[in-house]
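The figures here come from the full heavy-atom set of this structure, side chains too, leaving out hydrogens, waters and symmetry mates. All residue numbers refer to positions in the sequence shown, counting from 1. Treat the numbers as computed from the prediction; the structure is a model and nothing was measured.
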Amino acid sequence: QVQLVESGGALVQPGGSLRLSCAASGFTLDYYAITWFRQAPGKEREGVSCISSSVGTTYYADSVKGRFTISRDNAKNTVYLQMNSLKPEDTAVYYCAALNSRRVVGCYGLPYEYDYWGQGTQVTVSS
């Protein structure tokens, strides 16, 4: 069964850290660019960060630049999102999505272009 499974979401205080994981099963992530999206209540889904399949090109939204770090471990078929200095405005459901690297320049595509999506993990930043 082909799927992406996110984990690591939690309730954390402002200034805290979390590491999200996106684990693939049924296919190998080696040939896919991976993007983390997030969606807060009443807001549109936004791309947070992405990483390309091979050379490790990365992208960060301005809102998370300097605080979030994306990485991948192809041996574990997993992509991570390290989130530091979390703010209340980071509260959202975080999704990972996989896009075949043959169909993207860099690592970020339009939502409809992605091949696989995870079910999401909730991140809540609150005191």
Side-chain angles (χ1 to χ4, degrees):
Q1 183 180 2
V2 174
Q3 61 178 352
L4 289 172
V5 178
E6 303 95 336
S7 62
L11 170 64
V12 64
Q13 292 186 344
S17 297
L18 285 175
R19 188 177 80 158
L20 304 185
S21 298
C22 171
S25 61
F27 71 105
T28 177
L29 286 180
D30 293 33
Y31 308 110
Y32 289 82
I34 303 298
T35 298
W36 284 96
F37 292 89
R38 68 185 181 187
Q39 188 164 22
K43 295 188 177 181
E44 293 188 355
R45 180 174 47 193
E46 65 169 331
V48 173
S49 179
C50 65
I51 186 166
S52 63
S53 62
S54 56
V55 297
T57 300
T58 58
Y59 160 85
Y60 297 95
D62 287 343
S63 58
V64 306
K65 201 170 294 183
R67 301 187 297 121
F68 290 11
T69 303
I70 191 170
S71 61
R72 64 190 303 151
D73 185 339
N74 287 346
K76 294 184 178 180
N77 222 24
T78 300
V79 172
Y80 303 98
L81 185 67
Q82 178 68 42
M83 306 188 297
N84 299 328
S85 302
L86 283 162
K87 304 176 181 180
E89 50 264 43
D90 294 317
T91 295
V93 177
Y94 284 71
Y95 302 89
C96 62
L99 172 58
N100 192 301
S101 60
R102 297 179 184 178
R103 294 189 283 108
V104 63
V105 176
C107 63
Y108 188 62
L110 297 174
Y112 70 85
E113 296 178 307
Y114 286 80
D115 300 283
Y116 307 112
W117 288 81
Q119 83 292 345
T121 186
Q122 176 70 48
V123 172
T124 303
V125 185
S126 175
S127 55

### Query
For Tyr59, does its backbone N or O pair with a side-chain atom of Ser49 as donor and acceptor, under 3.5 Å?
yes
### Message
Using 30° and 60° as the class boundaries, would you call the ring planes of Phe37 and Tyr114 parallel, tilted or perpendicular?
### Response
perpendicular
### Task
Please name the pair of heavy atoms, one in Leu110 and one in Glu113, separated by the smallest distance, quoted to 0.1 Å.
N-OE1, 2.6 Å
### Task
Treating Ile, Leu, Val, Met, Phe, Trp and Tyr as nodes and any side-chain heavy-atom pair under 4.5 angstrom as an edge, say whether Ile34 and Tyr80 lie in one connected cluster.
no
### Query
So, for Leu29 and Val79, which heavy atoms are closest and what is the spacing to 0.1 Å?
CD1-CG2, 4.0 Å
### Query
Should the pair Phe27 and Tyr32 be assigned to parallel (<30°), tilted (30 to 60°) or perpendicular (>60°) ring geometry?
perpendicular
### Message
Does any part of the side chain of Ser25, heavy atoms only, come nearer than 4.5 Å to the side chain of Gln1, both counted from C-beta?
### Response
no
### Task
Determine the minimum heavy-atom distance between Thr121 and Gly8, stating which atoms define it.
OG1-N, 4.1 Å
### Message
Just so I know, are the side chains of Asp115 and Arg103 near enough to count as touching, which here means a heavy-atom distance under 4.5 Å?
### Response
yes
### Query
Angle class for the Tyr95/Trp117 ring planes (parallel below 30°, perpendicular above 60°, tilted otherwise)?
perpendicular
#### Entry: Contact check, side chains of Leu20 and Glu6, non-hydrogen atoms, under 4.5 Å
no
#### Entry: Inter-residue atom distance Glu44.CD - Gln39.CD, 0.5 Å rounding
8.5 Å
### Query
If you take all heavy atoms of Ala33 and Ser52, which pair is closest and at what distance?
CB-CA, 4.2 Å
### Task
Answer yes or no: is there a side-chain heavy-atom contact under 4.5 Å between Ser63 and Arg38?
yes
### Summary
Value for CG (Leu11) from OG1 (Thr124), rounded to nearest 0.5 Å, stands at 6.0 Å
### Side chain proximity check, Glu89 to Val125, heavy atoms < 4.5 angstrom
no
### Path from Val64 to Ile51 over hydrophobic side-chain contacts below 4.5 Å
yes
### Task
Side-chain contact test, heavy atoms from C-beta onward, threshold under 4.5 Å: evaluate it for Ser53 versus Tyr31 and give yes or no.
no
### Task
Would you check if the side chain of Asn77 reaches a backbone N or O of Ala24 as a donor-acceptor pair within less than 3.5 Å?
yes
## Note on the structure
Distance col, row Arg72:CZ vs Cys107:SG, nearest 0.5 angstrom, shows 9.5 Å
#### Entry: Thr69 OG1 to Leu81 CG distance, which is reported to the nearest 0.5 Å
8.0 Å
### Task
I would like to know whether Asp90 and Lys87 meet salt bridge (Lys or Arg N to Asp or Glu O under 4.0 Å); could you show each step before the answer?
CA-CA 5 Å; Asp90 294 317; Lys87 304 176 181 180; over 6 Å; no
### Query
Which heavy atom of Thr35 sits nearest a heavy atom of Cys50, and at what distance?
OG1-CB, 3.1 Å
### Task
Taking all non-hydrogen atoms of both residues into account, name the closest pair between Cys22 and Trp36 and its distance.
CB-CZ2, 3.5 Å
### Task
Go through the steps for Ile70 and Tyr60 under the test side-chain contact (heavy atoms from CB on, under 4.5 Å), then give the verdict.
CA-CA 9 Å; Ile70 191 170; Tyr60 297 95; 3.4 Å; yes
### Summary
To the nearest 0.5 Å, atom OG of Ser85 lies from atom CZ of Phe68 at 9.5 Å
### Message
How long is the straight-line distance from CG of Leu4 back to CD of Gln119, given to the nearest 0.5 Å?
### Response
9.0 Å
### Query
How about Lys43: does its NZ atom have over 12 heavy atoms from other parts shown lying under 6.0 Å from it?
no
